[in-house]
Asker: 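Take this structure first; my questions come after.
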Number of protein chains: 2
Amino acid sequence: MSVTIKDVAKFANVAPSTVSRVIANNPRISDKTKEKVRAAMKELGYHPNFIARSLANQSTQVLGLVTPGSSDVFFQNPFFPTVLRGLSVGAHEKQYALQMVTGQNDEDIYNGVIQMVQGGRVDGVVLLYSKVEDRILTYLRERNFPFVMIGKPYSFVNEITHVDNNNFQASKDAANFLLSLGHTRLAFIGGDVDLVVTVERLKGYKKALEEADIPIRQNYILHQSFLLEGGRTAVCELMELPLHERPTALLVADDLMALGVLNTLNSLGISVPEDLSVLSFNNVLFSEMARPPLSSVDINIYELGYHASKHLIKRIENHDEPFKRVIIEHKIVTRQSTGQA
Amino acid sequence: MSVTIKDVAKFANVAPSTVSRVIANNPRISDKTKEKVRAAMKELGYHPNFIARSLANQSTQVLGLVTPGSSDVFFQNPFFPTVLRGLSVGAHEKQYALQMVTGQNDEDIYNGVIQMVQGGRVDGVVLLYSKVEDRILTYLRERNFPFVMIGKPYSFVNEITHVDNNNFQASKDAANFLLSLGHTRLAFIGGDVDLVVTVERLKGYKKALEEADIPIRQNYILHQSFLLEGGRTAVCELMELPLHERPTALLVADDLMALGVLNTLNSLGISVPEDLSVLSFNNVLFSEMARPPLSSVDINIYELGYHASKHLIKRIENHDEPFKRVIIEHKIVTRQSTGQA
DNA sequence: TTGTACGCGTTATCAC
DNA sequence: GTGATAACGCGTACAA
């Protein structure tokens with residue numbers, strides 16, 4: 001077996017409790033014994049056992065990460081690695097580890113979260129999404145377990161710490177940008193309607209049209225999953241409209257979907273931005289590598305992750321920490337997929 | 001606090017050990033008491049405490065995931081989410097959780113691994129890469145700690161369980177494919193030379209040329225990090241050659257880099273595949289979305305992850321499990337970035 | 001078939 | 001300042 005605190009104690013001729021205090025750097029231990037104990041630890045190659053510490057402490061220094069049930073789709077989106085990197089950096093700064101729930105569907109994930117939480121595996125949880133009805137959220141709230149959400153809560157906005165963009169405003173800005181280029185036939189291709197981010201971006205789109213006195217047409221509003229394939233399907237649907245009714249600009253709720261859109265348009269012989277402008281969201285790494293390079297609303301994905309873990313840790317370490325709404329800036333990055341109407 | 005085994009015991013009028021046995025589904029407990037205890041557990045909403053269990057068991061049911069030190073780069077590559085999904089599914093099938101080391105550089109990651117391992121946080125470790133000199137590998141081997149590697153070990157190939165493609169053969173196949181199209185001026189753009197995968201793919205490239213009696217030119221061999229930017233730099237370098245010395249085909253060791261290549265070629269007015277063929281590796285999701293769609297060697301990334309966790313768990317659960325070399329199939333997927341010379 | 005008692009490696013609360 | 005001792009929640013010999 002591994003070398004324990006007791007071994008160190010014997011070796012240094014002190015009590016186990018003293019060793020424990022040295023590890024915690026307790027000020028009431030004399031420098032002399034500290035030295036002696038540290039030497040012993042080094043000599044024996046001692047490393048603290050986190051499991052035992054967790055049991056005594058009732059704290060694990062681990063954050064749980066919860067993906068949406070459709071994790072295969074979620075993983076594929078470049079959003080995920082970027083937000084993960086932010087989470088990782090934020091966690092690392094406070095010496096927290098990251099643990100993921102495994103499972104491919106809602107049921108698996110739900111059970112995974114319960115195991116994590118009840119099993120005491122994690123000190124807190126990050127929800128990497130926001131859904132309209134979410135029993136995981138309900139569960140965490142009921143147990144008053146520390147968690148933060150990336151995205152805007154569907155309800156109880158003031159009782160949930162969350163890190164989000166102002167997606168309503170971002171989408172309104174984006175739509176206004178297209179309007180300012182002279183487009184009036186403006187379609188919206190959104191993601192899963194269960195996701196709050198879709199809802200918010202749709203609202204922003206509608207609001208912008210409304211303020212510009214442009215009637216909202218239901219056949220200009222499409223919903224697909226956040227995937228390449230979704231972009232294709234949506235385009236095909238729009239292009240079945242009679243020529244004079246086709247939109248001249250598309251607002252696409254996700255870059256990956258936009259990539260599918262571009263691809264499909266290309267194979268249909270429709271050129272971007274001459275025939276059709278495309279503006280999307282997220283500004284992931286390959287946006288600028290698309291053909292043509294994608295204009296996209298940068299939502300600072302990394303920051304979303306970073307602040308999420310920072311605030312979660314705050315809530316863990318101070319249970320009375322007030323709920324916060326953290327808004328990350330967005331910015332329209334103009335490239336070559338958008339042009340004058 | 002949470003409801004414990006003792007609470008259940010009291011409620012069901014049995015001893016704590018009986019409850020424990022019911023959880024383990026010990027056959028020596030009568031069906032009647034099992035029912036009684038299970039009813040009590042349900043009634044009280046009992047969930048086992050993993051931490052306590054881990055301490056008693058000396059096992060955590062957690063797998064550790066180790067990324068290369070340059071994790072920011074690694075995360076960005078679509079390879080990562082895909083392999084992660086495979087790992088996740090494999091782990092989930094055996095009820096294992098996944099934990100990641102956090103940290104942005106070699107030093108952080110190294111310390112993170114030591115903490116994970118010595119701290120007893122994980123039962124085993126997956127190395128998601130293979131480097132030429134790797135002290136993490138050395139450490140794990142010295143401690144005889146269960147681990148598997150994704151990729152080919154630089155040394156001790158027969159003493160390390162690993163899941164890999166035959167990258168030598170894959171690269172040779174790929175080069176031969178280009179040769180069969182009539183290309184003779186064939187360049188290789190590889191990744192980080194510290195990575196074994198780069199080394200293997202370079203070897204395969206060289207071997208194919210050698211067998212075709214084509215001399216190897218050092219200025220046709222470039223190395224960049226696995227990133228979009230790397231593709232750009234490499235192309236610029238090659239295009240500085242006099243026209244008649246320029247390669248007519250590129251073998252690129254990574255799709256992401258190939259995307260950068262395509263992009264740069266486009267802006268230089270060089271058309272693919274008419275002027276130059278491009279063949280890359282990995283066949284990640286967006287390969288077919290590139291312009292033109294990328295011909296790529298599919299290496300079954302998902303399978304790499306899936307088998308890695310499966311075999312790691314085998315090693316954990318049976319410490320005498322022999323070392324294995326698991327080879328995942330590869331296949332050239334021809335799209336529009338390759339053509340006759 | 002079930003109960004008792006101890007150990008897993010720490011931390012924390014007392015004493016001294 | 002430092003040393004016993006009791007938790008933390010569970011698994012498991014050993015008894016009964």
Side-chain angles (χ1 to χ4, degrees), chain A residues 1-38 40-41 44-62 95 115-123 317, chain B residues 1-38 40-41 44-62 95 115-123 317:
Chain A
M1 244 325 77
S2 211
V3 33
T4 79
I5 221 171
K6 286 181 190 168
D7 302 321
V8 177
K10 266 178 206 152
F11 192 89
N13 275 319
V14 294
S17 50
T18 302
V19 177
S20 177
R21 282 189 266 252
V22 172
I23 294 169
N25 203 14
N26 188 318
R28 296 189 308 196
I29 298 286
S30 73
D31 288 354
K32 200 161 48 178
T33 32
K34 274 186 186 173
E35 280 318 304
K36 191 171 57 175
V37 171
R38 286 192 182 124
M41 297 197 306
L44 299 179
Y46 169 80
H47 279 264
N49 181 317
F50 277 99
I51 302 300
R53 179 178 285 179
S54 296
L55 187 58
N57 267 347
Q58 303 288 66
S59 103
T60 59
Q61 298 270 113
V62 178
Q95 309 271 53
Q115 278 204 359
M116 259 192 174
V117 171
Q118 310 259 18
R121 277 198 206 261
V122 297
D123 292 343
E317 297 186 344
Chain B
M1 243 324 79
S2 211
V3 32
T4 79
I5 221 170
K6 284 183 191 167
D7 301 322
V8 177
K10 268 179 207 153
F11 191 89
N13 276 317
V14 294
S17 53
T18 303
V19 177
S20 176
R21 283 188 264 253
V22 172
I23 294 168
N25 202 16
N26 188 317
R28 296 189 310 195
I29 299 286
S30 73
D31 288 353
K32 200 160 50 178
T33 29
K34 275 187 186 172
E35 279 318 303
K36 191 170 58 174
V37 171
R38 287 195 181 123
M41 297 197 306
L44 299 179
Y46 169 81
H47 279 263
N49 182 318
F50 277 98
I51 302 299
R53 178 178 286 181
S54 297
L55 188 58
N57 268 347
Q58 304 287 66
S59 104
T60 59
Q61 297 271 115
V62 178
Q95 310 272 52
Q115 277 204 1
M116 257 193 177
V117 171
Q118 309 259 20
R121 277 196 205 261
V122 296
D123 292 342
E317 297 186 344

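Each chain gets a letter, A, B and so on, in the order the sequences are listed, and its residues count up from 1. Below, all heavy atoms of this structure are taken into account, side chains as well, without hydrogens, waters or symmetry copies.
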Asker: Need to verify one output field. Residue with the more 5' nearest nucleotide on DNA chain D, A/Ser30 or B/Ile23?
Answerer: A/Ser30
Asker: From C-beta outward on B/Ala56, which listed nucleotide comes closest to its side chain: D/dA4, C/dT11, C/dG7?
Answerer: C/dG7
Asker: Looking only at heavy atoms, what is the nearest atom pair of A/Asp7 and A/Val3, with distance?
Answerer: OD2-CA, 3.4 Å
Asker: Between B/Leu55 (CG) and C/dG7 (C1'), how many Å, whole number?
Answerer: 9 Å
Asker: Rounded to whole Å, how long is the line connecting atom NZ of A/Lys34 with atom C1' of D/dG1?
Answerer: 11 Å
Asker: Looking at C/dT11, does its base get a donor-acceptor pair with the side chain of A/Ser17 below 3.5 Å?
Answerer: no
Asker: For A/Thr60 versus A/Asp123, what's the shortest heavy-atom pair and its separation?
Answerer: N-OD1, 2.7 Å
Asker: To the side chain of B/Thr18, which of C/dG3, C/dT10, D/dC10 is closest?
Answerer: C/dG3
Asker: Check every strand shown and say whether A/Pro48 touches a base, only sugar-phosphate, or nothing at a heavy-atom separation below 4.0 Å.
Answerer: sugar-phosphate
Asker: With nearest nucleotides of DNA chain C determined for A/Ile5 and B/Asp31 from heavy-atom distances, which residue corresponds to the more 5′ nucleotide?
Answerer: B/Asp31
Asker: Answer with base, sugar-phosphate or nothing: what part of the nucleic acid does A/Ser20 contact at a heavy-atom distance below 4.0 Å?
Answerer: base
Asker: With sugar-phosphate meaning primed atoms plus P, OP1 and OP2, does B/Phe50 contact a base, only sugar-phosphate, or nothing at under 4.0 Å between heavy atoms?
Answerer: nothing
Asker: Search all heavy atoms of B/Asn26 against all heavy atoms of B/Arg28 and return the closest pair with its distance.
Answerer: OD1-N, 2.8 Å
Asker: In whole angstrom, give the distance that lies between atom CD of B/Gln58 and atom P of D/dC10.
Answerer: 16 Å
Asker: Whole-Å distance between D/dC8 C1' and B/Arg53 CZ?
Answerer: 16 Å
Asker: Would the number of heavy atoms belonging to other residues, nucleotides or ligands and lying under 6.0 Å from NZ of B/Lys36 be above 12?
Answerer: yes
Asker: Under 4.0 Å, heavy atoms only, any strand: does B/Val19 hit a base, just the sugar-phosphate, or nothing?
Answerer: nothing
Asker: Measure CG/A/Asn57 against C1'/C/dC8 and give the value in whole Å, please.
Answerer: 16 Å
Asker: For B/Lys34, does the NZ atom sit with more than 12 other heavy atoms under 6.0 Å from it, leaving out its own atoms?
Answerer: yes
Asker: Given C/dC8, D/dG3, D/dG9, which nucleotide is nearest the side-chain atoms of B/Asn49?
Answerer: D/dG9
Asker: Classify the nucleic acid contact of B/Arg28 as base, sugar-phosphate or nothing, counting any heavy atom under 4.0 Å across all strands shown.
Answerer: base
Asker: Tell me: CD1 of A/Ile51 to P of C/dT11, nearest whole Å?
Answerer: 13 Å
Asker: Starting from P on D/dA6, measure out to NZ on A/Lys6 and report it in whole angstrom.
Answerer: 13 Å
Asker: With a 4.0 Å cut-off on heavy atoms, is A/Thr33 in touch with a base, just the backbone sugar-phosphate, or nothing at all?
Answerer: sugar-phosphate
Asker: For B/Arg21 and D/dC10, give me the distance from atom CZ to atom C1', rounded to whole Å.
Answerer: 12 Å
